[in-house]
Amino acid sequence: MLTERHLEIFVALAEEEHFGAAAQRVGITQPPLSQGLRRLEALLGVRLFERERGVFLTEEGALLLPHARRALAALAELRETGAREHADGRRLRLGLAPEVPAPLAADVAAAPVRAGDRARISTVTAPTASLLSDVASGRLDLAVVRHPSVLHGLAAGQVILLPTWILTPAGSATPAGSATPAGSATPAGSATPAGPAGPDRPADSGGAAEVGGTAGAGGAAVRRLPVAVRPRGEAPAAHDLFVDTLASRGRRVETVVVADERAGLALVAAGQAALVTADETLTASRVERRRATDPPLPLRLRVVWNPRRSGAASEDPAATARLLENVLAEGAAR
């Protein structure tokens, strides 16, 4: 079996070019060093050194020496990291769904420390399905996931509703399935006058294209604008609820799958899709933002943890979950 000592002998002999000096550097006598070198060469199947006139690397030895140095450095880093983790004590491992806006995600992750918890915080961002699996297996202590989700025995806190905005190409669309109030219908093919766009602007009541559908004013067909969504497999139940809400007025909903909200925003800016987001800072030139109020399309979130896994990372996961929920609720109220 290849060991760290084999690598130390290899590197020391390559740099010292003398068996006695290499043995002293490694902290052994010369016979064990020679035996270790022969064992290493047998394991690798190559001759590492020429020994006829001094000690010199062979061509194969010169090629393998950088790999040996990197392996020793990686082992040293592994030991240092382990020692640091042991010295630093308890760690709280937190997962966050990618739909959680970055500023709010930062506040959630910082909440335990701000409340006096001395645990080191580590965070990962991953789809809801992955987070649920990691919490169940113990790889994560708590996670903020989309609701609804199949929890498979995990504990969960209350559902927090974050407000969302609909991003559309400037002057082009209204929320999917939104009704056009009497007296405010817009002729098919004409655009709704674009007012100042901003995070606090309420949803407009009319438009020339419909997000995710085809019905227009007076029943006339208008240009389809699909809704950019993340893959259904990331959060199947939450995805289905979102699409069903868009289709709640009897209209067929079209979607286009994107990797993340940045990709969705790019499609909006190109005039090829609409996007629903809880990130009040997400925007681009020639993109309008409207509150998603008709129908409401809140981002539903819950904190989950595994009640069967106590211990090390969170002495009271339910209490930590409530702390995270409070931060989420404050974010929803802003």
Practice task
Please step through salt bridge (Lys or Arg N to Asp or Glu O under 4.0 Å) for the pair Glu15 and Arg69, ending with a clear verdict.
Solution key: CA-CA 11 Å; Glu15 294 178 353; Arg69 285 174 171 151; 3.0 Å; yes
Any side-chain to backbone donor/acceptor pair from [X] onto [Y]? Under 3.5 Å, distance only.
X      : Y      : value
His67  : Leu64  : no
Ser130 : Ala126 : no
Thr164 : Leu297 : yes
Arg93  : Gly138 : yes
Thr58  : Glu50  : no
Thr128 : Val145 : no

Practice task
Give every residue pair that meets the ring pair (Phe, Tyr, Trp, His ring centres under 6.0 Å) criterion with at least one member in residues 263-300, sequence neighbours excluded.
Solution key: none
Exercise for the section: I would like to know whether Asp141 and Arg91 meet salt bridge (Lys or Arg N to Asp or Glu O under 4.0 Å); could you show each step before the answer? Expected result: CA-CA 9 Å; Asp141 301 305; Arg91 176 185 288 272; over 6 Å; no
Problem - Qualifying side chain to side chain donor-acceptor pair (under 3.5 Å) pairs, either residue in residues 26-42, two or more places apart - result: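 Non-adjacent pairs meeting side chain to side chain donor-acceptor pair (under 3.5 Å): Glu41-Arg51.
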Practice task
Inspect the contact between Glu77 and Arg70 and indicate whether a charged nitrogen and a carboxylate oxygen are less than 4.0 angstrom apart.
Solution key: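 So Arg70 does not pair with Glu77 through a salt bridge.
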Looking at every heavy atom in both [X] and [Y], which two are closest together, and how far apart are they?
X      : Y     : result
Phe10  : Ala68 : CD2-CB, 3.7 Å
Glu234 : Glu99 : OE1-OE2, 4.4 Å
Leu72  : Val11 : CD1-CG2, 3.7 Å

Check residues 321-334 and write down every donor-acceptor pair under 3.5 Å in which the side-chain atom is one partner and the other belongs to a residue at least two apart or another chain.
unit_1 : atom_1 : unit_2 : atom_2 : d
Glu325 : OE2    : Gln158 : N      : 3.1
Asn326 : ND2    : Arg322 : O      : 3.3

Handout entry: Given Glu8, His18, Glu16, the one that forms side-chain hydrogen bond (donor to acceptor under 3.5 Å, both in side chains) with Arg25
Key =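 Only one of Glu8, His18, Glu16 forms a side-chain hydrogen bond (donor to acceptor under 3.5 Å, both in side chains) with Arg25, namely Glu16.
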Practice task
Please check if any side-chain donor atom of Ser137 sits under 3.5 Å from a side-chain acceptor atom of Arg139, or the reverse.
Solution key: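 Ser137 vs Arg139: donor-acceptor pair found between side chains.
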Exercise for the section: Using only heavy-atom distances, determine whether the side chains of Asp279 and Thr281 contain a donor-acceptor pair under 3.5 Å. Expected result: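 Note: Asp279 and Thr281 side chains meet the donor-acceptor criterion.
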